[in-house]
Chemist: 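Below you'll find the structure I mean.
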Number of protein chains: 2
Amino acid sequence: MVTDRAPLLDRVFHALAHPARRSIIRRLAAGEQNLSELASPLKMSFPAASKHVRVLEGARLVRRRISGRQHMCRLEAEPLKEVTQWTEQFRAHWEARFQALDALLEEMKPQDAALTNPSAPTPRRRSAPRIRRKTS
Amino acid sequence: MVTDRAPLLDRVFHALAHPARRSIIRRLAAGEQNLSELASPLKMSFPAASKHVRVLEGARLVRRRISGRQHMCRLEAEPLKEVTQWTEQFRAHWEARFQALDALLEEMKPQDAALTNPSAPTPRRRSAPRIRRKTS
DNA sequence: GATATATTAAACCACATGGTTACAGATCGA
DNA sequence: TCGATCTGTAACCATGTGGTTTAATATATC
């Protein structure tokens, strides 16, 4: 349900969710191209490709300039800025590999349990490394 | 057509294209939450919210840990890294506001045409400003 | 054991998406 | 003017999406 009335961010993310549309964006980054040029490398009919361009226009990622019978398209990268801004919120969550460390600690738990077993009074293994989070 | 067999980037972008799912991600950034907690603020039925979480899991953005009858979910931000990496390709295209300048030049064209009209032999207006791209 | 709670599963619905083919228009070149 | 070219529109189809309600399952709690 990502229509033209949906919030822009919804439309942008949705527009980027199709490989054909990402391919179009990549090629437009090199400069203006008309619809035929954009459609030709895609493994689909022209109308299908044309629809993809319309989706990109709806997300304000592409702008069309009609010159005679040709529709010249060019990249409008502005909305991508908001995409990065949104994802940047979570940079801290992937940078320090919390997930990997957490998973490691999770896997170590059973062993730790075994080590704290009353029958093994003095566990030899050192405690799990402290995870220090960047404070900046 | 963003099934579990689609490329990961497709799934990630698709997962982010729904406000409810972005809301879930934002709240999981603050820490683990179970499904009920995630679903309660959403204006939809519990099963609907549960489906959204599954979409996020399909995009490897959320991981589930079953603890008794509660399904604890936590954020797995790794795929967001690839999102920024993809969009960063185009940073140059939005940073220098090429679009705005291009649009401005586009609007000036008709006037230029009038000025180069034979009946106006000496156009007084200076040529359009050069656009200098950051070389770094 | 009975009951409440957390979650899934299944069936269903309206509508969006992504694709096709066929045809209509506008425009460029000869 | 004629034909080729570029694009749009319309009709259609299969499938996906996002939501619902109802029922089933597993786990705490009393």
Side-chain angles (χ1 to χ4, degrees), chain A residues 1-25 27-28 31-59 61-74, chain B residues 1-25 27-28 31-59 61-74:
Chain A
M1 292 186 180
V2 184
T3 68
D4 274 7
R5 311 177 46 175
L8 183 61
L9 201 51
D10 292 18
R11 278 181 273 161
V12 175
F13 275 125
H14 173 251
L16 297 178
H18 196 290
R21 293 194 286 259
R22 289 200 305 277
S23 160
I24 290 172
I25 289 178
R27 280 177 286 141
L28 284 182
E32 270 194 346
Q33 271 187 293
N34 68 13
L35 281 184
S36 298
E37 291 169 325
L38 286 175
S40 62
L42 299 176
K43 293 192 180 88
M44 61 182 71
S45 67
F46 179 89
S50 174
K51 283 186 191 178
H52 283 301
V53 172
R54 281 199 184 284
V55 172
L56 290 167
E57 285 183 281
L61 284 164
V62 163
R63 209 172 193 179
R64 183 187 306 231
R65 175 175 61 84
I66 298 176
S67 163
R69 63 182 161 177
Q70 301 198 73
H71 292 213
M72 303 304 297
C73 299
R74 73 152 189 251
Chain B
M1 296 185 177
V2 183
T3 67
D4 274 7
R5 310 176 45 175
L8 183 62
L9 200 51
D10 292 17
R11 279 181 273 162
V12 175
F13 275 125
H14 173 250
L16 298 178
H18 196 290
R21 292 192 289 257
R22 289 201 304 277
S23 160
I24 291 172
I25 288 178
R27 280 176 287 139
L28 285 183
E32 269 194 346
Q33 270 187 294
N34 67 13
L35 281 183
S36 299
E37 291 169 324
L38 286 174
S40 61
L42 299 177
K43 294 193 180 87
M44 63 182 69
S45 66
F46 181 88
S50 173
K51 284 186 192 180
H52 282 301
V53 173
R54 281 197 185 284
V55 171
L56 290 167
E57 286 183 281
L61 283 164
V62 163
R63 210 172 191 176
R64 182 187 306 231
R65 177 174 61 86
I66 298 176
S67 163
R69 62 182 163 179
Q70 301 197 75
H71 292 210
M72 302 304 296
C73 300
R74 73 154 189 250

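The chains referred to below are lettered A, B, ... by the order of the sequence lines, with proteins before strands, and numbering in each begins at 1.
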Chemist: Can you give me the closest heavy-atom contact between B:Leu16 and A:Phe13, atom names plus distance?
Modeler: O-CD1, 3.3 Å
Chemist: Quick one: A:Ile66 CD1 to C:dT27 P, roughly how many Å, whole number?
Modeler: 9 Å
Chemist: For a quick check of understanding: with a heavy-atom distance under 4.0 Å over all strands, which category does A:Ser45 fall into, base, sugar-phosphate or nothing?
Modeler: base
Chemist: Between C:dT7, C:dT21, D:dT7, which nucleotide has the shortest distance from any of its atoms to the side chain of B:Phe46?
Modeler: C:dT7
Chemist: Compare side-chain N and O positions of A:Arg21 against OP1 and OP2 of C:dG18 and report whether any pair is under 4.0 Å apart.
Modeler: yes
Chemist: Could you give the CD1-to-P distance, from B:Ile24 to D:dG18, as a whole number of Å?
Modeler: 12 Å
Chemist: Using heavy-atom distances to pick each residue's nearest nucleotide on DNA chain C, tell me which of A:Ser67 and B:Met72 is more 5'.
Modeler: B:Met72
Chemist: Could you tell me the separation between the CG atom of B:Leu42 and the CD1 atom of B:Ile24, rounded to the nearest 0.5 Å?
Modeler: 5.5 Å
Chemist: Nearest-nucleotide wise, let me know which of A:Lys51 and A:Gln70 is further upstream toward the 5' end of DNA chain D.
Modeler: A:Gln70
Chemist: Grab the NE2-P distance between B:His14 and C:dA16 for me, whole Å please.
Modeler: 14 Å
Chemist: Report yes or no: is there a donor-acceptor pair, N or O only, under 3.5 Å between the side chain of A:Arg69 and the base of D:dT5?
Modeler: yes
Chemist: Less than 3.5 Å apart, any donor N or O on the side chain of B:Arg27 or B:Ser23 sitting next to an acceptor on the other?
Modeler: yes
Chemist: Provide, to the nearest angstrom, the distance between the CD atom belonging to B:Glu37 and the C1' atom belonging to C:dT7.
Modeler: 14 Å
Chemist: Can you identify which nucleotide, out of D:dG19, C:dG18, C:dG19, has its nearest atom closest to the B:Met44 side chain?
Modeler: D:dG19
Chemist: Rounded to whole Å, how long is the line connecting atom NE2 of A:His71 with atom C1' of C:dA26?
Modeler: 9 Å
Chemist: It should be established whether B:Ser50 places a side-chain nitrogen or oxygen under 4.0 Å from OP1 or OP2 of nucleotide C:dT7.
Modeler: no
Chemist: Could you state the NE2-C1' distance from B:His52 to D:dT20, rounded to the nearest angstrom?
Modeler: 12 Å
Chemist: How far apart are the closest heavy atoms of A:Cys73 and A:Leu28, and which atoms are they?
Modeler: O-CD2, 3.4 Å
Chemist: Nearest whole angstrom, please: distance from the C1' of C:dG18 to the CG of A:Leu42.
Modeler: 13 Å
Chemist: How many whole angstroms separate atom CZ of A:Arg54 from atom P of C:dG18?
Modeler: 15 Å
Chemist: Counting side-chain heavy atoms from CB outward, which of D:dT7, C:dT8, D:dT9 is closest to A:Ser36?
Modeler: D:dT7
Chemist: Among A:Arg65, A:Arg63, A:Arg11, A:Arg64, find the one that has a salt bridge (charged side-chain N to carboxylate O under 4.0 Å, His left out) with A:Glu57.
Modeler: A:Arg64
